[in-house]
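Please read the structure below before turning to the comments.
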Amino acid sequence: MMEMNHLQYIIEELIPNPSPPLLSIPVINLSLLSSSSKEGIEELQKLKEALTSWGCFQAIGHGISDSFLDKIREVAKQFFALPAGDKKKYSRAVNDMEGYGNDPVLSDKQVYDWCDRLFLKLIPQDSRKLHLWPTNPTQFREILDECSVKMKNTVELLLKAMARSLNLEEDSFLKQYEYQEVMAARFNYYPTCPRPDSVLGVKAHSDGSAITFLLQDKEVEGLQMFKDDQWHRVPIIPHAFVVNAGDQMQIMSNGIFKSPLHRVSTSSEKDRISLAIFHLPNSEVEIEPLKALVDEKRPQQYRKLKNYSAINFQCFQSGKVALDTVKINTFSI
Ligand SMILES: O=C(O)CCC(=O)C(=O)O
Ligand SMILES: [Fe+2]
């Protein structure tokens with residue numbers, strides 16, 4: 001953790017319920033989603049229900065082996081365990097999100113996340129800033145590269161299933177992307193924290209992505225989802241991904257799929273590592289609610305836009321909720 005005044009990490013009041021109830025979110029077997037068997041159709045229905053209510057689910061049957069996921073966890077652990085001086089070689093520039101570091105300093109009122117991270121773009125390949133990719137541990141680059149290839153297939157399979165679950169052509173979402181996807185990895189390291197009652201690993205947020213795949217720590221819980229006016233702890237399923245829709249999916253699906261609010265608690269006993277893989281359209285591509293999901297009963301809820309990440313960042317700076325600022329006011333007076 002970089003040197004910083006600890007007060008800057010404290011949320012004004014005590015977190016009302018730092019350890020809320022454990023609630024199992026739906027578990028979906030991705031390998032069943034392309035099957036037209038009875039099982040496959042039921043799984044597709046489960047997927048739709050999960051994304052329209054929770055906005056998230058635990059993905060099993062995703063085709064990435066347990067041993068590969070453990071390898072990713074291992075190199076991440078080795079990287080964060082390096083001496084500070086070694087990690088600093090990969091530090092992000094002041095005005096860049098990519099690289100190693102913690103929250104950018106935007107205002108003196110800001111509350112920081114109790115978290116160090118390594119943020120790297122994976123796709124498109126020519127956008128990679130390889131000088132920020134660790135060479136220690138030596139396998140890091142190779143494993144992350146392999147991870148991007150595997151994840152690309154898994155995410156595309158899911159995007160197609162999501163479209164089919166809404167009775168749309170299976171490439172509806174990918175077409176909106178104009179097949180120009182961006183994929184980025186964010187490794188999060190949460191050191192032990194002396195004040196878990198008033199400090200969060202990551203403050204409540206929704207993701208600016210279209211879809212996020214999260215590999216949780218295998219042993220240490222921390223992720224919490226907000227649903228029905230309550231926080232819920234997300235249980236660990238060691239080789240599952242926690243998948244959630246992001247804001248851009250809420251926009252493209254005209255509000256049908258939900259981008260859930262989530263946060264990460266801290267622990268005074270154990271440090272924790274997670275890896276979030278974000279998938280989103282290229283910033284030059286315009287997105288809007290799919291025409292097939294707009295009708296009289298469900299008028300268009302969001303305006304056409306591009307570069308949602310920039311909108312999200314600006315809103316974060318001024319304390320606004322990004323999705324609210326791109327919403328079309330549909331109710332009449
Ligand atoms: O560490 C986690 O469990 C979640 C991290 C997260 O929400 C994020 O990186 O956007
Ligand atoms: Fe997140």
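When a ligand or atom number is given, it counts from 1 through the structure's own listing order.
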Next on the checklist: Could you go through I64 and H239, starting from their C-alpha distance and side-chain angles, then the distance that decides it, and tell me whether this counts as side-chain contact (heavy atoms from CB on, under 4.5 Å)?
Outcome noted: CA-CA 9 Å; I64 303 179; H239 296 104; over 6 Å; no

Checklist entry - If you measure only the distance, is there a donor-acceptor pair under 3.5 Å linking the side chains of Y179 and D171? => result yes

Next on the checklist: Strictly below 4.0 Å, N to O, side chains only: are K87 and D116 in salt-bridge contact?
Outcome noted: no

Checklist entry - F80 vs Y189 aromatic rings, parallel, tilted or perpendicular, using cut-offs 30° and 60°? => result parallel

Checklist outcome for this item: For the Fe ion (ligand 2), angle spanned by H205 NE2 and H262 NE2 (nearest 10°) is 90°

Item to check | Atom name in D207, limited to N/O/S, at shortest distance from the Fe ion (ligand 2) | outcome: OD1

Next on the checklist: Between Q301 and K327, do the side chains contain a donor N or O and an acceptor N or O under 3.5 Å apart?
Outcome noted: yes

For ligand 1, what N or O to protein N or O distances fall under 3.5 Å?
unit_1	atom_1	unit_2	atom_2	d
ligand 1	1 (O)	Y190	OH	2.6
ligand 1	1 (O)	R272	NH1	3.0
ligand 1	1 (O)	S274	OG	2.7
ligand 1	3 (O)	R272	NH1	3.2
ligand 1	3 (O)	R272	NH2	2.9
ligand 1	7 (O)	H205	NE2	3.2
ligand 1	7 (O)	H262	NE2	3.1
ligand 1	9 (O)	R186	NE	3.3
ligand 1	9 (O)	N188	ND2	3.2
ligand 1	10 (O)	H205	NE2	3.2
ligand 1	10 (O)	D207	OD1	3.3

Checklist entry - Parallel, tilted or perpendicular: which fits the ring planes of H279 and Y177, with parallel below 30° and perpendicular above 60°? => result tilted

Checklist entry - How are the rings of F187 and F140 set relative to one another: parallel (under 30°), tilted (30 to 60°) or perpendicular (over 60°)? => result tilted

